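Here is the structure we will look at, set down as structure tokens.
All values reported here derive from a predicted model rather than from experimental measurement. We number each residue from 1, following the sequence as shown.
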Amino acid sequence: MTQVRADEERDDHVGGPIDRVTDLGKDIGSYIRQQRNNAKISLRQLAKLAGVSNPYLSQIERGLRKPSAEILQQIAKGLRISAEALYVQAGILDQPVGGPVVDAVRADTSLTERQKQVLLDVYESFRRENRTTTASDASASADDEE
């Protein structure tokens, strides 16, 4: 009976700070596994590309280890995705601010992180170009009025 109470007491602490850190580790690990599977790269290949040991990468994917920002950057390079995507997933960075288009691209589960990043880069370049064109047009029309 005492054992049951001890287990019950432990259950009361579920959801505390330690558990949230563990959940982050599992989240980033499953995210890395998903990206690796999408890229059709074996665990061994990614470990080699990222410069980490095979067992260490396996532990990250299973949520047993929480990688540092430097290791995440190496893994991102191996997966050919943005390190920012992994930082956001790991809780190191906040989700970047977007709009309806950006949010839709990020939410699309059928795209890889690399595809999402390329789409967002193209979209942002068009927006910058249009802002420059709009500013030039406004300047030209102001000159015409004089």
Side-chain angles (χ1 to χ4, degrees), residues 1-140:
M1 260 191 170
T2 307
Q3 183 62 34
V4 173
R5 281 194 174 135
D7 289 344
E8 288 172 1
E9 286 176 20
R10 264 188 244 125
D11 288 344
D12 291 341
H13 298 292
V14 171
I18 301 285
D19 294 320
R20 284 194 291 272
V21 168
T22 303
D23 288 345
L24 279 176
K26 286 180 183 170
D27 288 347
I28 188 63
S30 61
Y31 181 78
I32 289 170
R33 178 181 287 130
Q34 177 189 14
Q35 293 303 312
R36 180 176 58 76
N37 289 334
N38 288 347
K40 295 178 177 37
I41 300 173
S42 72
L43 183 80
R44 191 166 294 192
Q45 288 171 318
L46 179 57
K48 186 176 181 179
L49 289 169
V52 298
S53 73
N54 200 27
Y56 181 62
L57 182 58
S58 175
Q59 290 172 349
I60 291 171
E61 286 192 355
R62 289 181 290 141
L64 302 176
R65 299 273 185 156
K66 190 164 188 264
S68 67
E70 184 179 323
I71 296 295
L72 286 174
Q73 185 174 18
Q74 291 170 228
I75 292 171
K77 187 185 250 183
L79 288 170
R80 299 184 67 191
I81 64 173
S82 74
E84 182 181 286
L86 286 182
Y87 294 158
V88 168
Q89 196 68 30
I92 295 171
L93 284 179
D94 290 333
Q95 181 76 22
V97 182
V101 173
V102 174
D103 291 345
V105 169
R106 285 194 182 117
D108 192 333
T109 57
S110 66
L111 298 174
T112 66
E113 284 302 316
R114 181 161 167 66
Q115 291 169 332
K116 290 176 187 181
Q117 192 59 52
V118 169
L119 273 172
L120 293 173
D121 289 346
V122 169
Y123 175 67
E124 190 54 40
S125 72
F126 285 151
R127 289 179 46 94
R128 272 194 307 274
E129 182 181 313
N130 288 345
R131 280 194 299 267
T132 304
T133 304
T134 304
S136 297
D137 290 348
S139 176

Checking [X] side chain against [Y] main chain: does a donor-acceptor pair fall under 3.5 Å?
{"X": "K66", "Y": "I28", "value": "no"}
{"X": "Y87", "Y": "A69", "value": "yes"}
{"X": "S58", "Y": "N54", "value": "no"}

Grab the two heavy atoms, one from [X] and one from [Y], that are nearest each other, plus how far apart they are.
{"X": "R80", "Y": "R114", "value": "O-CD, 3.1 Å"}
{"X": "L72", "Y": "A90", "value": "CD1-CB, 3.7 Å"}
{"X": "L111", "Y": "K116", "value": "O-CE, 3.5 Å"}
{"X": "Q45", "Y": "K40", "value": "OE1-O, 4.3 Å"}
{"X": "A76", "Y": "A83", "value": "CB-CA, 3.6 Å"}
{"X": "V52", "Y": "Q74", "value": "CG1-NE2, 4.2 Å"}

Distance (rounded to the nearest 0.5 Å) between [X] [atom1] and [Y] [atom2]:
{"X": "T112", "Y": "Q34", "atom1": "OG1", "atom2": "CD", "result": "10.5 Å"}
{"X": "L43", "Y": "E61", "atom1": "CG", "atom2": "CD", "result": "5.0 Å"}
{"X": "Q117", "Y": "D121", "atom1": "CD", "atom2": "CG", "result": "4.5 Å"}
{"X": "L79", "Y": "I32", "atom1": "CG", "atom2": "CD1", "result": "7.0 Å"}
{"X": "N130", "Y": "S125", "atom1": "CG", "atom2": "OG", "result": "9.5 Å"}

Taking C-beta and beyond as the side chain, do [X] and [Y] meet within less than 4.5 Å on heavy atoms?
{"X": "Y123", "Y": "V105", "value": "no"}
{"X": "Q73", "Y": "K77", "value": "no"}
{"X": "I81", "Y": "L86", "value": "yes"}
{"X": "Q35", "Y": "N38", "value": "yes"}

